[in-house]
Number of protein chains: 4
Amino acid sequence: MKKDVSCVKKGKESAIFEAALKAIKKKGYHKARMSDISKEAGISYGLVYHYFKSKEDLFDAILNRWWDGLFQLMADISNGEDNVHKKLMQIIYYFLDTYQTNPELVNIFITEISRSTTNLTNTRLGLFKKFISLVEAMITDGQKEEILRMDFKARYLTYIFLGSLETFISAMVLVDQNIKGDKQKERIAQSIFEVFLNGAKSQKENKHSAVSNS
Amino acid sequence: MKKDVSCVKKGKESAIFEAALKAIKKKGYHKARMSDISKEAGISYGLVYHYFKSKEDLFDAILNRWWDGLFQLMADISNGEDNVHKKLMQIIYYFLDTYQTNPELVNIFITEISRSTTNLTNTRLGLFKKFISLVEAMITDGQKEEILRMDFKARYLTYIFLGSLETFISAMVLVDQNIKGDKQKERIAQSIFEVFLNGAKSQKENKHSAVSNS
Amino acid sequence: MKKDVSCVKKGKESAIFEAALKAIKKKGYHKARMSDISKEAGISYGLVYHYFKSKEDLFDAILNRWWDGLFQLMADISNGEDNVHKKLMQIIYYFLDTYQTNPELVNIFITEISRSTTNLTNTRLGLFKKFISLVEAMITDGQKEEILRMDFKARYLTYIFLGSLETFISAMVLVDQNIKGDKQKERIAQSIFEVFLNGAKSQKENKHSAVSNS
Amino acid sequence: MKKDVSCVKKGKESAIFEAALKAIKKKGYHKARMSDISKEAGISYGLVYHYFKSKEDLFDAILNRWWDGLFQLMADISNGEDNVHKKLMQIIYYFLDTYQTNPELVNIFITEISRSTTNLTNTRLGLFKKFISLVEAMITDGQKEEILRMDFKARYLTYIFLGSLETFISAMVLVDQNIKGDKQKERIAQSIFEVFLNGAKSQKENKHSAVSNS
DNA sequence: TATGAATGAGGGTTCATTCAT
DNA sequence: AATGAATGAACCCTCATTCAT
């Protein structure tokens, strides 16, 4: 019941929110106009300001939805007893799942946040760093459990992991590709993770180096 | 000497260019004002337009410097006889070298181009895709030579390679980290490449899987 | 009553329109500033753009008011059964009437359109040529009915007719002369038409030539 | 010799002058840029300012050439003993002749002066009024000699005369028509003058009115 | 004379935000 | 809650004019 009420109450707010997602995806934060958003939401110009204090505020709300979901996941993972394999896979899946249900949201994360220094207020930068730290902590654990190689800083491995993930998503975003079915999603997730874990070297090469290393 | 002459001739243009780099790095393309640039360059407002047709034009000049250098490198690599190892390493070094000499340039590439769909005109998108294709071609060669694993699409490996690289740089950009000395540069390059090639899995794990695979 | 409603609804738009008329009359289209117009209309700068897309658009709106009225008249005349005398007189009266009620509008037509090649987009040029053609058609009819002399091209007579009319108006515009009462208006209209029809030659001369022609 | 020197000295000045004519004809005074003019003249940007104090000054020089020629003619006519017929014809011919040798000059007179109140400084307005007065004086003389009808103000006849003339030229200007040969020039001059003098009424109509007048 | 780089005061336009209704 | 008219501070760009060489 509570939820219903909130839905009734938040019906317009939510419409604005979704409209903002679309508009920002389409034009980017700077070029998306408040009028685009209100038009897309099917409401009047000034009403946006009843629900969101400013454009910046609306943007923050969008980011918060992203970060909230992500940090919720990170909390769940941290509390769980999975090994590093499964933990990292869950992160990958979070990105891919969200991309399926809410491509605009991922798009905005990729294009406006993950690389842009300009949109990064200190608060936002903090969230971003916090996320990296959480991943790094997992990787460090993996190193301690001797699952991940220890000859590189955990931070470096983190970059490589997140970088692969982001670029994959980014590429899909760029061509507006949608993930067709769970099969493809699984394949993509596997690719990212497999290469991260075992590298791009061929088996043949591996043997060579195994020999040469022996 | 040659350089001096060009500096005399191109003194102002070059000053504007550098000022634009700084301004765009600081505020991003959209928020960077032409007045910021002229002020930074120590010249009058209107003079910018003597050297560059428009803000867009100035931006393009910056991008062209980046792409020109990168495509020059790609051409050199393609003509050379190096194996895929060395080729990919050269790409990594190009990013790191440029980051040393011209951190703003790399910054702009990372923040305004490599992920931003909004700033991407068709021309720019084309350059970006061309670059990806060239890397993919190298990776494909590496697969044919059985140096790189063949169980994943070359395009996927490409994403992972470039993703790792970009995120590394991006992270440095984010914290305004500078590369101290060639030693550190080498270590970073090695990290990226090593993990890409051999994966993040520890040796111990590798033995396990080697055993389990046999 | 109708007018009142429209005034309530279109109050600001109409105020901008009138202000634009004044500003353009005073300074000409090029030198008239949007800020002049907004100031004259007693509104804020940006509001002009709420009602008119651009300066050009506002200018077009002004021209359209003129052309709409004129072409409406031309249509009415064409449908009517009047002879060429009355038709041409109605055109003269349209100019003079509009000059009385809306001197700025006529002013702008005279100064910015009827002679200026620079402000003439193809659309505007088209309207102008269309008007000339309609007048020419009347004159041609007059020639067919043997009311007007046939030894000159209808187009030539058209130029002379419109030229007389325009210059008359133009001269009044130049000295900001206003038409005092319907008497003066009638006298002016008569002058233009009489001379066009019967020429400037004196009666005495006419007799001479009549004799010499016989 | 003096003239030669002046020609050597004034070579560039004259080139600028002609270039300005072309540029202003093409784009109008306001839109014609000083750079257009210098480019057209084949000289450097700043040099224009050696010969002309300002854009306004250059414009005035152009107008002066026109007015000088015209007032010279008016002086010659006034001193001569021709009747009003010949005098008016000479004015017509001055316009047509100049249009043949210097179409841009006439164009500028038509489009930028004869109707535009905006470009009219008091000085320029004075010249214009002076010209009208001189024509009016001729017409008045014609009335006194009972060659021209006296039932209308001389000023009105003047407007009609000049209006016919201007619109004719204006129409040629509009379509960039050039006068082919002296035959056509004569025909045009005749048309203008004939209708001014004898009116547009057909002979048949004239007889009717002659009858009705008797 | 001659060059063209350099200046900077506006100009049109945009758009986040406010406010009266 | 809801509307959309109203505001005005910037912003990009133009271009007449000046100036160092």
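As the structure is a computational prediction, the values presented were derived from the model and not from experiment.
For the side chain to side chain contact (heavy atoms under 4.5 Å, CB included) criterion with Tyr29(B), the lone passing option out of Asn119(B), Ile108(B), Leu58(B) is Asn119(B).
Remark: Thr117(B) engages Asn107(A), Thr111(A), Val173(A), Leu174(A) in a side-chain contact (heavy atoms from CB on, under 4.5 Å) (not counting sequence neighbours). Under the salt bridge (Lys or Arg N to Asp or Glu O under 4.0 Å) criterion, Lys55(C) pairs with no residue, sequence neighbours left out. Legend: residues meeting salt bridge (Lys or Arg N to Asp or Glu O under 4.0 Å) with Asp176(B), ordered by chain and number and at least two apart, are Lys25(B). For Lys22(C), the salt bridge (Lys or Arg N to Asp or Glu O under 4.0 Å) partners are Glu40(C), not counting sequence neighbours. For Ser114(D), the side-chain contact (heavy atoms from CB on, under 4.5 Å) partners are Arg115(C), Phe109(D), Phe128(D), Glu166(D), not counting sequence neighbours. With sequence neighbours excluded, the residues forming a side-chain contact (heavy atoms from CB on, under 4.5 Å) with Arg33(B) are Lys31(B), Ser35(B), Asp36(B), listed by chain and number. For the side-chain contact (heavy atoms from CB on, under 4.5 Å) test, residues two or more places apart in sequence or in another chain that qualify with Thr121(A) are Glu56(A), Thr123(A), Arg124(A). Looking at residues two or more places apart in sequence or on another chain, you find no side chain to side chain donor-acceptor pair (under 3.5 Å) involving Ser38(B). For Glu104(B), there are no salt bridge (Lys or Arg N to Asp or Glu O under 4.0 Å) partners, not counting sequence neighbours.
Lys39(B) places its NZ atom 12 Å from the C1' atom of dC11(F), with the value rounded to the nearest Å. To the nearest angstrom, P of dT18(F) lies 12 Å from CG of Asp57(D). Counting to the nearest Å, the P atom of dA1(F) and the CZ atom of Phe52(A) are 13 Å from each other. Between the OH atom of Tyr49(D) and the P atom of dC15(F) there is a distance of 12 Å, given to the nearest Å. Taking atom CZ of Phe59(D) as the reference point, atom C1' of dA16(F) lies 16 Å away to the nearest angstrom. Straight-line distance from the CD atom of Glu56(C) to the P atom of dG11(E): 18 Å, rounded to whole Å.
Using a 4.0 Å cut-off on heavy atoms, the residues of residues 16-33 of chain B that approach DNA chain F are Ala32(B), Arg33(B), listed by number.
Ser35(B) comes within 4.0 angstrom of no nucleic acid atom, judged by non-hydrogen atoms across all strands.
The nearest pair of heavy atoms linking Ala61(D) to Phe52(D) is CB-CE2, 3.8 Å.
Listed by first residue number, the stems of DNA chain E with at least three Watson-Crick or G-U pairs below 3.5 Å are E:2-21 with F:2-21.
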Between N or O atoms, less than 3.5 Å apart, protein on one side and nucleotides 4-6 of chain E on the other: list the pairs.
| from | atom 1 | to | atom 2 | distance (Å) |
| --- | --- | --- | --- | --- |
| dG4(E) | N7 | Gly46(D) | N | 3.0 |
| dA5(E) | OP2 | His50(B) | NE2 | 2.1 |
| dA5(E) | O5' | His50(B) | NE2 | 3.1 |
| dA6(E) | OP1 | Lys12(B) | NZ | 2.3 |
| dA6(E) | OP2 | Tyr51(B) | OH | 2.5 |

